[in-house]
A.B. asks: 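First the structure, which I've put down as structure tokens, then a few questions once you've had a look.
Since the model is a prediction, treat every value here as computed from it, not as a measurement.
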Amino acid sequence: MDASAGSGSGVAHADTRSGNPVPADAWEQPEMREALAAREVSAVYRLLRKHGVSQRQIAAMTGQSQSEVSEILKGRQVMAYDVLTRIADGLGVPRGYMGLAYDETTAIRVVGASDGRQAEEDESVKRRRFLAHAAQVTMGAAVFGPESGTWSEAPARTPAPGRIGTTDVRQVEAATRALRALDYQYGGGFCRDAVVAQLSWGQQMLDSSAAEQVKNRLYTAIADLHSLAGWTSFDTGLMDSARGHFAQALDLAKQGGDHHLVANVLYRMGRVYLHQDAANDALKLFQLGQIAAQESGSELAVAVLCANEAWAYAMMGNEEQSVKLLGRCKDEFARADLATAESWVKFFTETDVYAMTGTVHTVLAMKNPEHTKYAIPALSRAVDSYTDDMARSKAFMLSALATNHLLEGDIDHGVKIGGKAIECAESIKSARVKDRMRPLLAEAERRRNNPDARDLADRLKIFYAA
């Protein structure tokens, strides 16, 4: 705390017992109440500074960067409803003091769709905020606090049982398995609405009475459904919705004491950040996931996290760490008991080890084409092993394989496989597939002097325009 907060400064003391640096009576003082009522956040922050709360502490509580706090202190206005509510909740301000006590329907009308871009908060800030939340959950912080309600809009209400049993939970689990299978085969765009609709009903079961064992299983089941909602949102390009669902999944998985699922959610959110080329943030989430995976005792979960850490390091240009982690992934996979693995991690088979090996070496090959000699055999094994119910994964691998052949100089083979990638991708409703095929388009464009490469580039452009 700043020197101005010393015992002789005359200012009110913070409530150190709660860990909150804001003095207990700060919000009740007339000048502060006036600033809150006018939503003058810059004035609120200046008053907090007078109470000895540092810019760093304000940033930590509100999920903002110190530079943003500095800009607000200099007079930048905050207008967006969701940012105002996050600031209020982070600081511990009663929402009504800022005129933010809307019901959920009104709040949604005020702020618009959850994926609308807000000028107040850019993507890097959202990533930091989620990372902070993930660290709190993973390292043992309480869940279902003030922050929990700010991640996503409430689903529409439908009737739910007053008391639930194991059969009710099994129905949620079965629905999640069926919807996940549709996602794998046809893409998130095909089933996301169905996932959200199922979640709308399932979420209400959390308010139903149940035996403790049933309740814990329900937490895990709804967490897994939120995770699927996050994944299908990600697959359709709805990044803010994805982040909200993954945050809810983290809280529920932690509440249910399911370390396996915590690792799963952190892995999936890390993949979102890899997709956004935010490899450093992704790596932090994978490392948090690694903690949960090791606590779960699952070698297979550890292998998944190692493979994705390798991917992040490859994107950051760290070849040594990438190769080292791929080796550890293979070692952990060899030790894993696949028969007793948790359901979420069962997807990671030998085929996926080859797929991740090929993917990591493809990223490295972009800077050092020597890695094509490792990428091509691994990707070929993965492509040959994927069945029709894994069409999206197969499209990813075909695209990467074609890219490697172009990098290697084998244009004929690259064009042929690139054509197969397009054919596979055309049947999938997934924004990610198009994004993952952009390196192939770039390599084909670089070889436009070759008629076959030019034809492939033109086919890809038609595919993107569709």
A.B. asks: Does some side-chain heavy atom of V415 sit less than 4.5 Å from a side-chain heavy atom of D455?
C.D. replies: no
A.B. asks: State, yes or no, whether a side-chain contact exists between Q64 and I72 at a heavy-atom distance under 4.5 Å.
C.D. replies: yes
A.B. asks: Does the pair R192 and F234 meet the rule for a side-chain contact (heavy atoms from CB on, under 4.5 Å), with working shown?
C.D. replies: CA-CA 10 Å; R192 179 183 178 272; F234 165 42; over 6 Å; no
A.B. asks: Hey, does T220 have a side-chain heavy atom less than 4.5 Å from the side chain of D224?
C.D. replies: no
A.B. asks: With a 4.0 Å cut-off, would you call E445 and R448 a salt bridge?
C.D. replies: yes
A.B. asks: With a 3.5 Å cut-off and sequence neighbours excluded, list the donor-acceptor pairs that the side chains of residues 378-385 form with protein atoms.
C.D. replies:
from : atom 1 : to   : atom 2 : distance (Å)
S380 : OG     : I376 : O      : 2.8
R381 : NH1    : Y354 : OH     : 3.1
R381 : NH2    : Y354 : OH     : 3.1
S385 : OG     : R381 : O      : 2.9

A.B. asks: Indicate yes or no for a side-chain donor-acceptor contact from T403 to the backbone of S399 under 3.5 Å, with no hydrogens or angles considered.
C.D. replies: yes
A.B. asks: Does a side chain donor of either N404 or T372 reach within less than 3.5 Å of an acceptor in the other side chain?
C.D. replies: no
A.B. asks: Measuring from atom CD1 of I58 to atom CG of L91, what distance do you get when rounded to the nearest 0.5 angstrom?
C.D. replies: 7.0 Å
A.B. asks: Okay, side chain of S322, backbone of A314: is any donor-acceptor separation there less than 3.5 Å?
C.D. replies: yes
A.B. asks: Any salt bridge between R328 and D331, counting N to O under 4.0 Å?
C.D. replies: no
A.B. asks: Taking all non-hydrogen atoms of both residues into account, name the closest pair between L456 and G419 and its distance.
C.D. replies: CD1-N, 4.1 Å
A.B. asks: With side chains defined as the heavy atoms from C-beta onward, is the minimum distance between Y273 and R243 less than 4.5 Å?
C.D. replies: yes
A.B. asks: Using the side-chain hydrogen bond (donor to acceptor under 3.5 Å, both in side chains) rule, collect all pairs that involve residues 309-320, keeping only residues at least two apart or in two chains.
C.D. replies: Q290-E309, E319-H371
A.B. asks: Going by heavy atoms in the side chains, are Y184 and D389 under 4.5 Å from each other?
C.D. replies: no
A.B. asks: Give the C-alpha distance, both sets of side-chain angles, the deciding distance and a yes or no for side-chain contact (heavy atoms from CB on, under 4.5 Å) between L326 and H361.
C.D. replies: CA-CA 10 Å; L326 279 180; H361 282 292; 3.8 Å; yes
A.B. asks: If you count every heavy atom of other residues, nucleotides or ligands that lies below 6.0 Å from Y186 atom OH, does the total exceed 12?
C.D. replies: no
A.B. asks: Taking C-beta and beyond as the side chain, do Q294 and V302 meet within less than 4.5 Å on heavy atoms?
C.D. replies: yes
A.B. asks: Please name the pair of heavy atoms, one in Q255 and one in N216, separated by the smallest distance, quoted to 0.1 Å.
C.D. replies: O-OD1, 4.2 Å
A.B. asks: Are any of the side-chain nitrogens in D452 or K416 under 4.0 Å away from the carboxylate oxygens of its partner?
C.D. replies: no
A.B. asks: Please work out whether the ring planes of W231 and F246 are parallel, tilted or perpendicular, with thresholds of 30° and 60°.
C.D. replies: perpendicular
A.B. asks: If you take all heavy atoms of E350 and F333, which pair is closest and at what distance?
C.D. replies: N-CZ, 3.3 Å
A.B. asks: Thinking salt bridges, do R446 and E443 make one under a 4.0 Å N-O criterion?
C.D. replies: yes
A.B. asks: Got a second to check how far I428's CD1 is from F396's CZ, nearest 0.5 Å?
C.D. replies: 7.5 Å
A.B. asks: Tell me the closest heavy-atom pair linking T176 and L225, and the distance in Å.
C.D. replies: OG1-CD1, 3.4 Å
A.B. asks: Looking only at atom types and distance, does a side-chain atom of D168 sit under 3.5 Å from a main-chain N or O of G165, one as donor and one as acceptor?
C.D. replies: yes
A.B. asks: Could you tell me which non-hydrogen atom of A395 sits nearest to which non-hydrogen atom of V433, and how far apart they are?
C.D. replies: CB-CG1, 4.4 Å
A.B. asks: Taking atom NZ as the centre, does K420 end up with more than 12 heavy-atom neighbours from other residues, nucleotides or ligands that are less than 6.0 angstrom away?
C.D. replies: no
A.B. asks: Go through it in stages, so that I can follow the logic: the residues are V304 and N308, the test is side-chain contact (heavy atoms from CB on, under 4.5 Å), and I'd like the CA-CA distance, side-chain angles, deciding distance and then a yes or no.
C.D. replies: CA-CA 6 Å; V304 171; N308 283 274; 3.8 Å; yes
A.B. asks: Evaluate the side-chain contact (heavy atoms from CB on, under 4.5 Å) criterion for residues I422 and M437: first the C-alpha distance (whole Å), next the side-chain angles of each, then the deciding distance (0.1 Å), finally the verdict.
C.D. replies: CA-CA 9 Å; I422 295 172; M437 293 177 74; 3.9 Å; yes
A.B. asks: Short question: side chain of Y464, backbone of R438 - any donor-acceptor pair under 3.5 Å?
C.D. replies: yes
A.B. asks: Measure the spacing between CG of L266 and CD1 of I291 and express it to the nearest 0.5 Å.
C.D. replies: 9.0 Å
A.B. asks: Could you tell me the separation between the OG1 atom of T236 and the CG atom of D193, rounded to the nearest 0.5 Å?
C.D. replies: 8.5 Å
A.B. asks: For atom NZ of K434, decide whether the heavy atoms of other residues, nucleotides or ligands shown that lie under 6.0 angstrom number more than 12.
C.D. replies: yes
A.B. asks: Rounded at 0.5 Å granularity, tell me how far CG in D412 sits from CG in D410.
C.D. replies: 6.5 Å
A.B. asks: Taking the side chain as every heavy atom from C-beta outward, state whether I87 and Y45 have any atom pair closer than 4.5 Å.
C.D. replies: yes
A.B. asks: Sort and list the pairs that fulfil ring-ring contact (aromatic ring centres under 6.0 Å, His included) and have at least one residue in residues 399-438, not counting sequence neighbours.
C.D. replies: H405-H413
A.B. asks: Only one of H275, R268, Q276 passes side chain to side chain contact (heavy atoms under 4.5 Å, CB included) with V272; say which it is.
C.D. replies: Q276
A.B. asks: What I want to find out is whether E332 reaches R335 closely enough, with some N-O distance under 4.0 Å, to be called a salt bridge.
C.D. replies: yes
A.B. asks: Any donor-acceptor pair under 3.5 Å linking the side-chain atoms of D352 with those of T349?
C.D. replies: yes
A.B. asks: Considering non-hydrogen atoms only, spot the tightest contact between L440 and G418 and give its length.
C.D. replies: CD2-CA, 4.0 Å
A.B. asks: Hey, is OH on Y374 packed in by over 12 heavy atoms from elsewhere, all under 6.0 Å?
C.D. replies: no
A.B. asks: Roughly how far, to the nearest 0.5 Å, is OG of S42 from CZ of R76?
C.D. replies: 10.5 Å
A.B. asks: Between D183 and G188, is there a donor-acceptor pair closer than 3.5 Å when you use the side chain of the first and the backbone of the second?
C.D. replies: yes
A.B. asks: D235 and salt bridge (Lys or Arg N to Asp or Glu O under 4.0 Å): which single residue from R436, R392, R271 fits?
C.D. replies: R392
A.B. asks: Mind checking whether L250 and H226 have side chains closer than 4.5 Å, heavy atoms only?
C.D. replies: no
